[in-house]
Amino acid sequence: MLIVMNSDATEADVWRVVERIESLGFKAHPMPGSNRTAIGLTGNQGAVDPAPFAELPGVAECVRVTKPYKLVGRDLKHDKTVIRVGEAEIGDEFAMIAGVCAVESREQTMLTAEVVAGMGCKWFRGGAFKPRTSPYAFQGLAEEGLRILSDARDAFGLRIVTEAVDEPALDLVEKYADVIQIGTRNMQNFSLLRRAGQARKPVLLKRGMSSTLEEFLLAAEYIMSEGNYKVILCERGVRTFGDHSRFTPDLSVIPAAQRLSHLPIVFDPSHSTGNRETVIPMARAAVAAGADGLLVDIHPYPERALCDGPQALLFDMFRDLVAQARAIAEIVKRHSEAHIIGATVK
Ligand code: PEP
Ligand code: MN
């Protein structure tokens with residue numbers, strides 16, 4: 001259920017509702033919006049009687065949420081969620097999250113971070129724990145990799161996004177990084193999602209390679225149901241019969257997710273195509289489709305990369321992509337603002 005407060009409800013009114021929800025053994029999720037606060041109620045099996053809430057001061061209405069996800073949806077929070085870490089943000093201005101697939105060495109990471117920061121980007125990606133198909137492939141530098149990422153943050157003022165492949169890794173990632181990434185192979189690892197929901201850092205959740213949008217949103221709901229509302233969705237390609245590309249980028253999920261959910265959604269053109277020649281065209285298309293940002297692999301010498309070299313952009317290609325993506329994002333923004341205010345775009 002969803003309890004919508006009047007626009008002039010006070011903080012005390014909100015807390016009275018929260019206390020009432022908790023006293024009945026449910027969980028309360030207050031979500032402030034630009035016009036009013038709504039409070040999500042979870043933990044119920046079946047319909048909840050609205051009577052104990054409807055009578056409280058400041059309550060406008062109690063609404064039954066019929067969708068399977070309650071906190072992720074636009075019913076609870078109409079305004080788009082913006083994730084902020086210091087000056088870096090995702091959900092408002094177009095966000096470029098770029099870096100190495102895997103942290104392989106200090107030199108490789110620092111060279112790349114310098115290029116990313118040099119383009120005015122604020123987010124840096126790099127895996128210290130790598131989920132590899134083969135048990136014999138490079139699995140990442142683990143905590144040493146996290147230390148290198150943390151040094152890159154200090155050296156270049158970047159915010160770090162890095163993957164946690166399991167719960168022990170998540171404990172470490174939470175300590176060193178700014179955003180915890182959950183990979184495609186773990187999108188339905190429900191205990192890991194719950195643990196991410198208990199973390200106090202934002203989570204970038206990649207779509208399972210065979211997941212429907214509803215399954216994707218329910219995975220985000222797992223994280224939010226534990227009280228962590230800072231979730232970034234990431235489309236990274238799905239499995240289809242197509243074999244010209246590593247996965248098939250499902251760009252239609254971007255507007256579909258934005259219609260159903262207030263969470264920001266970014267696109268990973270690198271893992272979804274597996275091939276550097278296809279990365280820039282797909283990245284351009286995703287930005288045009290309204291993606292809130294991109295997650296891109298680059299490498300100083302991809303021919304020697306220990307992981308995903310064929311999809312890594314060369315530095316010059318990356319600089320070119322940043323310029324193109326910003327130009328497209330600007331056009332999209334102008335048009336969506338015009339749409340909101342009903343004006344004509346010049
Ligand atoms: C990654 O981003 O490094 C990664 C392994 O991606 P995915 O989980 O989408 O395969
Ligand atoms: Mn990779």
Side-chain angles (χ1 to χ4, degrees), residues 90 95-104 108-109 112 116 123-135 137-142 145-146 148-149 159-166 169-170 173 177-189 192-193 196 202-211 215-216 219-220 223 231-240 245-251 253-254 257 265-276 278-279 282-283 286 291 293-313 318:
I90 301 175
M96 176 62 88
I97 309 166
V100 291
C101 174
V103 174
E104 298 167 9
Q108 167 243 21
T109 305
T112 310
V116 172
W123 300 96
F124 188 73
R125 63 146 289 147
F129 296 93
K130 296 304 303 176
R132 303 305 300 277
T133 303
S134 164
F138 175 62
Q139 307 278 315
L141 297 180
L146 294 177
I148 294 173
L149 287 169
R159 299 295 171 171
I160 305 298
V161 180
T162 191
E163 179 165 355
V165 288
D166 53 23
L170 202 148
V173 166
D178 298 296
V179 174
I180 302 159
Q181 179 172 320
I182 304 287
T184 189
R185 294 160 186 82
N186 270 320
M187 193 209 80
Q188 287 193 317
N189 179 339
L192 188 63
L193 295 176
V203 178
L204 184 141
L205 175 68
K206 297 189 103 176
R207 179 182 177 189
M209 61 181 84
S210 306
S211 297
E215 288 163 344
F216 190 18
I223 299 168
V231 180
I232 303 141
L233 303 171
C234 178
E235 160 61 23
R236 50 79 67 213
V238 291
R239 273 268 151 85
T240 66
S245 172
R246 190 172 169 199
F247 295 91
T248 299
D250 178 12
L251 299 184
V253 86
I254 295 167
I265 180 163
V266 302
F267 174 63
D268 176 345
S270 309
H271 291 84
S272 59
T273 65
N275 161 10
R276 86 170 55 82
T278 322
V279 166
M282 286 296 98
L294 294 170
L295 181 79
V296 179
D297 280 7
I298 60 179
H299 201 290
Y301 25 84
E303 67 292 349
R304 279 194 272 144
L306 297 179
C307 186
D308 290 347
Q311 72 194 29
L313 295 182
F318 169 67

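As the structure is a computational prediction, the values presented were derived from the model and not from experiment. Counting starts at 1 for both ligands and their atoms, in listed order. These numbers come from the heavy atoms of this one structure, side chains and all, not from hydrogens, waters or symmetry mates.
Note: Trp123 CH2 to Leu294 CG = 14.5 Å, rounded to the nearest 0.5 Å. Atom NE2 of His299 is separated from atom CZ of Arg276 by 10.5 Å, given to the nearest 0.5 angstrom.
Counting protein heavy atoms only, atom 6 (O) of ligand 1 is closest to Lys206 NZ, 2.9 Å. Of all protein heavy atoms, the one lying nearest to atom 8 (O) of ligand 1 is Thr184 N, 2.9 Å. The nearest heavy-atom contact from the protein to atom 9 (O) of ligand 1 is Arg236 NE, 2.6 Å. For atom 4 (C) of ligand 1, the nearest non-hydrogen atom of the protein is His271 NE2, 3.5 Å. In terms of protein heavy-atom proximity, atom 5 (C) of ligand 1 is nearest to Glu163 OE1, 3.7 Å.
Side-chain N/O atoms of Thr240 and Thr248 include a donor and acceptor closer than 3.5 Å.
Look at Asp308 and Arg246 and you find a salt bridge, because one of the NZ, NE, NH1 or NH2 atoms lies within 4.0 Å of a carboxylate O, short of that distance. A salt bridge links Asp178 with Arg159: the closest approach of a Lys/Arg side-chain nitrogen to an acidic carboxylate oxygen falls below 4.0 angstrom.
Under a cutoff of 6.0 Å and an axis angle of 45°, Arg132 and Phe138 do not form a cation-pi pair.
The shortest heavy-atom distance from Arg185 to ligand 1 is under 4.0 Å.
With a 4.0 Å cut-off on non-hydrogen atoms, Arg125 touches ligand 1 through its side chain and not its backbone.
Ile90 and Ala95 make their closest contact through CG1-CB, 3.8 Å (heavy atoms, listed as atom of the first residue, atom of the second, distance).
Put simply, His271 gets within reach of the Mn ion (ligand 2), with an N, O or S atom under 2.8 Å from it. For residue Asp297, no N/O/S atom approaches the Mn ion (ligand 2) to within less than 2.8 Å.
The contact set between ligand 1 and Gly183, taken as ligand atoms under 4.0 Å from a residue heavy atom, comprises 8 (O).
Taking any N or O of Lys130, backbone or side chain, at least one lies under 3.5 Å from an N or O belonging to ligand 1.
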> Can you check side chain to side chain donor-acceptor pair (under 3.5 Å) on Gln311 and Asp297, steps first, answer last?
Replying inline: CA-CA 7 Å; Gln311 72 194 29; Asp297 280 7; 2.8 Å; yes
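Within Asp308, the N/O/S atom positioned nearest the Mn ion (ligand 2) carries the name OD2.
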